Amino acid sequence: MLKHQRPTKFSDPFGDFSGEELNGIIAKTDEQLGDVDYMMIFQHHLPAGTYNESSYFISQMFAYLNREYANDREITADVLDHFMCWCQQYAEDLIRDGADDWVRSELLGLLCKIADQFKLTELSPKHIFPIVPLQLGAITELLSGMVSYEFFRETIPIATAYLTNDISYAHAGWILTLNGWTAPPLIRFPVGILEAALQAINQHLAITDAKFDHLFWQDWETRMARYIELQETWHSKKL
C-alpha cells in the first residue's frame, strides 16, 4: 500500500481541468469522494494530478468501490476504466514504489467478489435488455482492462481459474454471460467449461422459482445474439 501524503492541490499537468473542478475535489473529505471525482483524479491519459498527487487516492478509491459493492449498488464501470488506464500509464512508478502487486491484488479481489454473486436486476421495459446481471459493467471493465493493458496481463489466468475451478451457479452465470456479451468474447472458455456452466444453470433453474432467473436464461441465446449484432453494427458505424 502506498503512503503518499494527501495533496493540498492538484497540479493539472496536462491542463485539462478548471481550478474550480480541482479545488472541489480537494475540499472534500475522503469519505465524500464519488465516482466523478475518481474519474477526474485518474482520467484517461490526462489525470488531475501528478503520479504522487493522484496515487494517494488509490486506497480511498478501493474503499469506495468496496462500499458500493457491499451496499449492493452498481459500481461505476467508468471509474475502473479510467483507473486501469492510469495504472498502465504509471506502471513504472507503481513498480518502483512496490505497489504493483497490491493494486492487481485489490482489483482481482473485487472481481472475485463480483464473480461470487450473480444477481439479476430489472431495468426499464424500454431497454433492449430489460433484465441484466448486477455489476455487469464492472466485471466487463475489469476483464477488459486485464486483456488490454500489459500491467494487468498476468491476472487473466488467475481470474479465469477462479471462475472455472468451482462452477457454481454464480460462476456459471458469469461464464456464459461473458462468453456472449462482448464481441468477440473477452475470455474464450473451452467447450467443456461452457457445457458444465449450462449444466449448473439448468440445475439451479430446476430448484428455484426466482422469476428473473427463468426469464433471463429462457431467452439467453437470443439476447446474446442480439447484443453481438448491436456491437458489430456500432463498430462498423464507428469505423
Side-chain angles (χ1 to χ4, degrees), residues 2 4 6-7 9-28 30 32-69 73-97 99-111 114 135-156 159 178 181-184 186-187 230-231 234-239:
L2 292 166
H4 293 161
R6 195 185 207 274
K9 67 178 181 64
F10 284 114
S11 300
D12 193 16
F14 303 97
D16 203 51
F17 298 96
S18 69
E20 183 179 359
E21 289 175 313
L22 299 176
N23 292 335
I25 298 174
I26 294 296
K28 294 180 180 179
D30 291 346
Q32 291 173 324
L33 295 172
D35 51 2
V36 174
D37 302 306
Y38 290 117
M39 282 188 273
M40 289 195 288
I41 293 169
F42 300 110
Q43 182 171 275
H44 277 165
H45 307 294
L46 304 168
T50 62
Y51 166 76
N52 284 347
E53 290 167 352
S54 295
S55 60
Y56 164 83
F57 294 95
I58 297 176
S59 294
Q60 283 64 35
M61 184 205 66
F62 283 138
Y64 168 75
L65 293 176
N66 280 289
R67 281 199 306 273
E68 291 293 284
Y69 173 80
R73 289 193 289 264
E74 187 79 27
I75 294 172
T76 305
D78 284 344
V79 172
L80 295 166
D81 181 25
H82 285 280
F83 177 68
M84 295 180 85
C85 178
W86 182 89
C87 288
Q88 181 65 37
Q89 184 176 356
Y90 292 100
E92 291 183 2
D93 298 279
L94 289 167
I95 293 169
R96 182 200 65 218
D97 282 347
D100 51 325
D101 286 340
W102 166 62
V103 167
R104 286 188 284 259
S105 177
E106 286 288 331
L107 287 173
L108 266 172
L110 183 61
L111 186 147
I114 294 172
Q135 309 299 0
L136 173 63
I139 198 170
T140 301
E141 200 57 61
L142 282 165
L143 288 169
S144 178
M146 291 174 183
V147 170
S148 301
Y149 299 124
E150 183 66 31
F151 182 79
F152 295 103
R153 203 65 56 79
E154 67 187 55
T155 61
I156 299 171
L178 291 167
W181 209 278
T182 57
L186 288 170
I187 299 177
L230 289 172
Q231 285 280 78
W234 181 80
H235 282 298
S236 63
K237 287 182 178 178
K238 190 175 180 181
L239 294 173

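Just so you know, residue 1 is the first one in the sequence shown, and it goes up from there. A quick note: this is a predicted structure, and the numbers were derived from the prediction, not measured. The figures that follow rest on heavy atoms only: side chains count, while hydrogens, waters and symmetry mates do not.
Atom CD of Gln60 is separated from atom NZ of Lys28 by 14.0 Å, given to the nearest 0.5 angstrom. Rounded to the nearest 0.5 angstrom, Met146 CE and Ile156 CD1 are separated by 8.0 Å. For the atom pair Leu94 CG and Ile58 CD1, the distance stands at 5.5 Å (nearest 0.5 Å). In this structure, the separation between CG on Leu178 and OG on Ser144 is 11.0 Å, given to the nearest 0.5 Å. The CG atom of Asp12 sits 10.5 Å away from the CE atom of Met40 when rounded to the nearest 0.5 Å. Once rounded to the nearest 0.5 Å, the distance linking CG of Leu136 with CD of Glu141 reads 11.0 Å.
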Determine whether Tyr64 and Tyr38 satisfy the following criterion, side-chain contact (heavy atoms from CB on, under 4.5 Å), listing intermediate values before the conclusion.
CA-CA 10 Å; Tyr64 168 75; Tyr38 290 117; 3.8 Å; yes
For Asp81 and His44: C-alpha separation, side-chain torsions, deciding distance, then whether side-chain contact (heavy atoms from CB on, under 4.5 Å) applies.
CA-CA 8 Å; Asp81 181 25; His44 277 165; 3.2 Å; yes
Going through the checks in order, is the side-chain contact (heavy atoms from CB on, under 4.5 Å) test met by Leu142 and Leu107?
CA-CA 8 Å; Leu142 282 165; Leu107 287 173; 3.8 Å; yes
Go through the steps to decide whether Met84 and Phe42 satisfy the test side-chain contact (heavy atoms from CB on, under 4.5 Å), and finish with yes or no.
CA-CA 9 Å; Met84 295 180 85; Phe42 300 110; over 6 Å; no
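In this structure, Ser105 contributes its side chain and Asp101 its backbone to no donor-acceptor pair below 3.5 Å. For the pair Asn66 (side chain) and Ala63 (backbone), a donor-acceptor distance under 3.5 Å is absent. Side-chain N or O atoms of Gln88 include one that pairs as donor or acceptor with a backbone N or O of Phe151 at under 3.5 Å. Judged purely by atom type and a 3.5 angstrom limit, Asp100 has no side-chain atom pairing as donor or acceptor with the backbone of Arg104. Between the side chain of Gln135 and the backbone N or O of Ala138 there is no donor-acceptor pair closer than 3.5 Å. Remark: the backbone N or O of Val79 is not paired with any side-chain donor or acceptor of Asp35 at under 3.5 angstrom.
Not a single salt bridge (charged side-chain N to carboxylate O under 4.0 Å, His left out) links Asp78 to another residue, sequence neighbours left out.
Using cut-offs of 30° and 60° on the angle between ring planes, the pair Phe62 and Trp102 is perpendicular. Between Phe83 and Trp86, the ring planes are parallel. Angles under 30° get that label, and only those over 60° would be called perpendicular.
Summarising the geometry of Arg6 relative to Leu33, their closest heavy-atom pair is NH2-CD1, 4.4 Å, with the distance given to 0.1 Å.
Residues Gln43 and Phe17 form a side-chain contact, since some pair of their non-hydrogen atoms from C-beta on lies under 4.5 Å apart. Put simply, the side chain of Cys87 reaches to within 4.5 Å of the side chain of Phe152, judged on heavy atoms. For the pair Leu110 and Ile75, the minimum side-chain heavy-atom distance is below 4.5 Å.
Around atom CD of Glu74, more than 12 heavy atoms belonging to other residues, nucleotides or ligands sit under 6.0 Å away. Atom CD of Glu20 sits in a sparse spot, with 12 or fewer heavy atoms from other residues, nucleotides or ligands closer than 6.0 Å.
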Hey, can you pull the donor-acceptor pairs under 3.5 Å for the side chains in residues 47-55, sequence neighbours left out?
{"residue": "Thr50", "atom": "OG1", "partner": "Glu53", "partner atom": "N", "Å": "3.3"}
{"residue": "Tyr51", "atom": "OH", "partner": "Asp93", "partner atom": "O", "Å": "3.4"}
{"residue": "Tyr51", "atom": "OH", "partner": "Asp97", "partner atom": "OD2", "Å": "2.8"}
{"residue": "Glu53", "atom": "OE1", "partner": "Ser11", "partner atom": "N", "Å": "3.0"}
{"residue": "Glu53", "atom": "OE1", "partner": "Ser11", "partner atom": "OG", "Å": "3.3"}
{"residue": "Glu53", "atom": "OE1", "partner": "Thr50", "partner atom": "N", "Å": "2.9"}
{"residue": "Glu53", "atom": "OE2", "partner": "Ser11", "partner atom": "OG", "Å": "2.5"}
{"residue": "Ser54", "atom": "OG", "partner": "Ile41", "partner atom": "O", "Å": "3.3"}
{"residue": "Ser54", "atom": "OG", "partner": "Thr50", "partner atom": "O", "Å": "3.4"}
{"residue": "Ser55", "atom": "OG", "partner": "His4", "partner atom": "ND1", "Å": "2.6"}
{"residue": "Ser55", "atom": "OG", "partner": "Tyr51", "partner atom": "O", "Å": "2.8"}
{"residue": "Ser55", "atom": "OG", "partner": "Asn52", "partner atom": "O", "Å": "3.3"}

